[in-house]
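Naming: A, B, ... by sequence-line order, numbering from 1 per chain. Heavy-atom basis, side chains included; hydrogens, waters and symmetry copies ignored.
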Amino acid sequence: MARQSFLVDNFYYNILNQLNTKTASLSQAQQAHARILKTGYSNNTHLNTKLLSFYANHLCFSDATVVLDSIPEPDVFSFSILISACSKFDHFNRAIRLLRRMLSHGLLPDDFVFPSMLKACAGLSALRTGRQVHSLASVTGFASDYFVQSSLVHMYVKCGQIKDAYEVFVRMTHKNVVSWSAIIAGYARLGYINKAKELFNEMRCSGVEPNLVSWNGLISGLHHSGLSSESVTVLQEMHFQGFKPDGTSISSVLSAVGDLKTLDMGLQTHGYVTKQGLGSDKCVVSALLDMYGKCGCTLEMMLAFDEMAQMDLGSCNALIAGLARNCLVEDALRMFRQFKDQGIELNVVSWTSVISCCTQNGKDIEALKLFREMQVAGVEPNSVTIPCLLPACANIAALMHGKAAHCFSHRRGISDDVYVGSALIDMYAKCGKIGDAQHCFDMMPTTNLVCWNAIVGGYSMHGKAKEAFKLFHLMQRSGQKPDFISFTCVLSACSQNGLIEEGWNFFNSMTREHGIEVRMEHYACMVNLLSRVGRLEEAYAMIKEMPSEPDACVWGALLSSCRVFGNVSLGEAASDKLFKLEPSNPGNYVLLSNIYAAQGMWSEVDRVRDMMKRMGLRKNPGCSWIEVKHKVHTLLAGDKSHPQMNQIIERLGRVSMGMKKLGYLPNTKFVLQDVEEQDKEEILCGHSEKLAVVLGLLNTPPGSPLRVIKNLRICGDCHVVIKFISSFEGREIFVRDTNRFHHFKDGVCSCGDYW
DNA sequence: TTAGGGTTAG
C-alpha cells in the first residue's frame, strides 16, 4: 500500500514537473497529457488545471479545449484560466465563446473573469457584448471591483463610447494612474484634446503623478485621432518635464511625423533613435520605415531597412507598404516574393498589404490570386483583409468571389465589422445587386459614416435617387452627420436623374447647414447635372465662378453634354482646357470629334485626328464607327433624305474599311441593317476609352427615351460598365476580355471562369 | 488567471 502511494506520488510529481510552464516543451506536455489519460488520472482537478494552464499559455487552444471538455464539472477557475489566456493573447472571439459556454453551465464570472472579458470586448470593439458584460457585472456585484471598473473604462473607450467611459470613471472611488491614463488616452484618441489635457492636469492636482504610460497614452491618442502635430508637441512637453521618450513614445511620434510629412523632424527623430540606442526596438524600426515611406523618401527607407540589425517581419511589412504607398507596385510585389522565398513567415499584415497594393493599382486579378495563395499558405484573412480584397471583386464584377468573401466573413464572425460591412455593400452595389447591398446594411449591428455612405452611394450608383435621399435623411435622423462623401453620393444621384431642384438644395445646404466645404467633386456633380439637362451655359457659368481651377472631371462633364446637345462652341472651350489638363487622354479628342461629326464638320474632325496623330495617340476606328453610326441614327430618325446622308455613308464606308484592315467586323451594310432593326444593335469595341464613347451614346438627356440596346459587347474596363448597370435594366449585357466573361441580365451578373 | 501606452494592412 505504502509502495503504491509512493508510486502515485512519484507519477504525480513527474507529471507536474513535465507541465512546468517555464521549462516544459509542448511535446513534453502532450506526453504528460497522454500519460494522464492512459493512467486514469483525467479526473484529477490539479492535473487538469495544470494542463489547461500550460496549453492556454502556449496558445494551444484546441488542446486546452479538449482538456476542458474532459472535465465532468468544470468550475469558474478552469474557465477563467482559459478565458484570461485567450484575452492575453488576443484570441478575443474565443474568450467570448468561452464565457457563453461558462454561462450555459450555470457558472457566473468572478472578479478575475470580468476584466479578461472586458478586454476581449475592447479588442473587438464589441460594444453590445461589452454592455452585456457590464450588466452582468452589476447584477453579480462585481461592477464596483477596482479592476473591473478600470477594464470598463478601457472597454468603453475602445468602443468609442467616451461618455459611458467617463461615467464609470467618475464613479470610481479610488482612481489610480492606470484608470486616469485610460480615460485620458480615450479622450485624446477621440480627438477631445482640451478635455484630455484638462484631465491630465486634474490627475496631477488629485495627487496622482503621470508616468511614462500616461504621457504615451496622450501622445498615441492624439496621433490616432488625426491630431498628429499635437502629439509631437506633447512629446516635446513630456521631454521638457523630464520624461525621456522611450520606444513607445518614439514609435507613435514617428508615425505622426510621417502623417505630417515633416521630414526634418523625422530625420531628427531618427538621430534620437540612434543616439538612445532604440534602433534595436522592432516597432521603432517599423515606424521609421513607415515615416520615410510616408515622406516619399523610398531610398532612405530602403537604406534604413538594409541597416536593420535583425530581420523583422513588421519592418518587412512596413517596407512593402512604403513601396506600395509610393506607387512602386512592382517593387512591392518583388520584395514580397523575395521575403516569401527567403522563408520569412509572412503574416496577415504582409498578405493584406500586398493584396491592397494590387487592388489600389488596378491589379484586381492579381489581388484575387494572392488571396487564394494566402489561404493555401494557411494565413487566416481578417477584418482588414476582406475590405482590401472586396474592391477587386467589385472592380471586375467578380460576384462569385465577392460572395465567397462574404460567406468567409460570416463564418469567421467578422461580417459585423463596419469596414467589412461597408465593403460588402459597395461590392454588391457595383456588381448590380443593390438588394443584397441593402440586406448587408440591414444586418449590420452597428453602423458608422462609412456604412451609410456605402449604401447611399450604392443607390446613387444605381440611379435610384429616391432611395438614396431617403437613406441620406435616415442617416441624419439616426444621429450620423453626413460628410463630403455623403454629399457627393446624393449630388451624383441628382445628376444622374436630372433633379435640378434637389441638386441645388443639397449643394447649398452643404456649407450653410452642415459646414462642409464644397470640393471639386461636388462642383463636378453640379456641372454634370446642369449640363445633362441641357443647361450648358449655366454649367459653364458655374465653372467660371469656381474658387479653384476646375479639374478634368468638371470639364469632362461639360464636354460630354456638349456632344449630346451639339454645342460646338462650349465643346471647343471645354476641349481646350481638357487638352491642357489631359493631353494624352484620347477620350477627350474623341468627344470633340463626335461633336464635329454630329454637325457634319468633317474638316474639323480631320483636324482633331491630326492633333491626335501629333500627340502620338491612335484613334480607334471603333470610335469613328460609333461616331458615324450615331449620326446615321440621328438622321434616319428625322429626315432620311438628309442632304448630308451620302457624305455620311461615304465616310462610314471609309471608316469601315479602316476597321476591316484592323480586324474589326462592321461594314456599311451591316450598320445600315442595324439601324433599321435597332433592337438588335450590337456594339463592339476594344479598349476602355472606347467604352466611354459607348456609354456616351447611352448618356441621353433625362426624360428622353433611352435607345434599346439588346446586346452590348464590350472589351475593356468593366468597372465603368457596372456603374451603369441600372441604365441597362431589362437588357442583356456581355462584358468580355481575354480572361473572363460576364453576363448581365436584369441586373444580375454571372461570370465565366477566371483561370 | 485580472486593469492603462507603440509600428506595419482598411
Side-chain angles (χ1 to χ4, degrees), chain A residues 49 52-53 56-57 76-88 109-119 122 142 145-155 157-158 172 176-186 188-189 210-221 223-224 245-255 258 281-291 293 312-322 324-325 347-357 359-360 381-391 417-420 422-423 450:
Chain A
T49 308
L52 254 182
S53 179
N57 282 293
V76 177
F77 187 59
S78 314
F79 274 102
S80 70
I81 288 172
L82 203 44
I83 288 174
S84 66
C86 289
S87 247
K88 187 173 157 191
D110 59 12
D111 52 343
F112 286 104
V113 175
F114 277 117
S116 296
M117 285 316 305
L118 290 164
K119 188 184 172 193
F142 287 107
D145 177 87
Y146 187 73
F147 280 83
V148 175
Q149 283 179 322
S150 287
S151 308
L152 277 168
V153 171
H154 182 226
M155 183 275 289
V157 160
K158 290 283 176 184
M172 287 181 79
N176 70 356
V177 69
V178 173
S179 45
W180 276 107
S181 302
I183 195 75
I184 290 166
R189 195 170 264 265
N211 59 15
L212 198 55
V213 176
S214 326
W215 282 101
N216 284 343
L218 190 58
I219 292 167
S220 79
H223 164 52
H224 276 285
D246 66 353
T248 302
S249 342
I250 293 299
S251 302
S252 287
V253 154
L254 277 171
S255 185
D281 185 317
K282 289 174 179 176
C283 279
V284 169
V285 177
S286 300
L288 205 53
L289 298 176
D290 175 60
M291 180 275 292
D312 165 56
L313 181 57
S315 301
C316 293
N317 293 341
L319 185 76
I320 295 169
R325 179 173 277 126
N347 66 3
V348 64
V349 178
S350 335
W351 286 94
T352 306
S353 301
V354 79
I355 288 172
S356 161
C357 171
T359 314
Q360 287 176 9
N382 65 12
S383 61
V384 180
T385 319
I386 301 298
C388 288
L389 176 79
L390 282 169
D417 179 276
V418 282
Y419 292 101
V420 173
S422 306
V450 185

Among [options], which nucleotide has an atom closest to any side-chain atom of [X]?
X	options	result
A:V384	B:dA9, B:dT7, B:dG4	B:dA9
A:Q360	B:dT8, B:dG10, B:dG6	B:dG10
A:S286	B:dT1, B:dT7, B:dA9	B:dT7
A:S251	B:dT1, B:dA3, B:dT7	B:dT7
A:V178	B:dT1, B:dG4, B:dG6	B:dG4

Quick check: any donor-acceptor pair below 3.5 Å linking the side-chain of [X] to the base of [N]?
X	N	answer
A:D290	B:dG6	no
A:S252	B:dG6	no
A:D246	B:dG5	yes

For this session: Answer yes or no: does atom OH of A:Y419 have more than 12 heavy-atom neighbours from other residues, nucleotides or ligands under 6.0 Å?
Result: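 Result for OH/A:Y419: open.
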
Rounded interatomic separation in angstrom, taking [atom1] from [X] and [atom2] from [N]:
X	N	atom1	atom2	answer
A:I250	B:dT8	CD1	C1'	18 Å
A:L118	B:dT1	CG	C1'	15 Å
A:H223	B:dT8	NE2	C1'	11 Å
A:L319	B:dA9	CG	P	12 Å
A:L288	B:dT7	CG	P	14 Å
A:W351	B:dT8	CH2	C1'	17 Å
A:K119	B:dG5	NZ	P	9 Å
A:K88	B:dA3	NZ	P	9 Å

For this session: For the residue pair A:S84 and A:S116, confirm or rule out a side-chain donor-acceptor distance under 3.5 Å.
Result: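 No, no side-chain donor-acceptor pair sits under 3.5 Å.
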
Answer with base, sugar-phosphate or nothing: what part of the nucleic acid does [X] contact at a heavy-atom distance below 4.0 Å?
X	answer
A:S353	sugar-phosphate
A:Y146	base
A:V153	nothing
A:S383	base
A:N176	base
A:N211	base
A:V284	base
A:S80	base
A:D417	base
A:A321	sugar-phosphate
A:N347	nothing

[X] side chain N/O closer than 4.0 Å to the phosphate oxygens (OP1, OP2) of [N]?
X	N	value
A:R189	B:dG4	no
A:S356	B:dG10	yes
A:H154	B:dA3	no
A:S220	B:dG6	yes
A:S249	B:dG5	no

Exercise. Less than 5.5 Å between centroids and less than 30° between ring planes, does A:F147 satisfy that with B:dT2?
Worked result: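 Base of B:dT2: stacked against A:F147.
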
Problem set entry | Nearest non-hydrogen partners of A:V113 and A:S80, listed with the distance |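 Here A:V113 and A:S80 meet closest at CG2-CB, 3.3 Å.
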
For this session: Let me know which of A:T352, A:V420, A:I355, A:D417 forms a side chain to side chain contact (heavy atoms under 4.5 Å, CB included) with A:I386.
Result: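 It is A:V420, the one option of A:T352, A:V420, A:I355, A:D417 that forms the side chain to side chain contact (heavy atoms under 4.5 Å, CB included) with A:I386.
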
Exercise. Going from CG on A:L254 to OG on A:S249, what distance comes out if it is rounded to the nearest 0.5 angstrom?
Worked result: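 Here the rounded value is 10.5 Å.
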
Problem set entry | Separation between CD1 of A:I184 and CH2 of A:W215, rounded to the nearest 0.5 Å |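 Atom-to-atom, A:I184:CD1 and A:W215:CH2 are 10.0 Å apart.
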
For this session: Mind running side chain to side chain contact (heavy atoms under 4.5 Å, CB included) on A:D246 and A:D281 for me, showing each step along the way?
Result: CA-CA 10 Å; A:D246 66 353; A:D281 185 317; over 6 Å; no

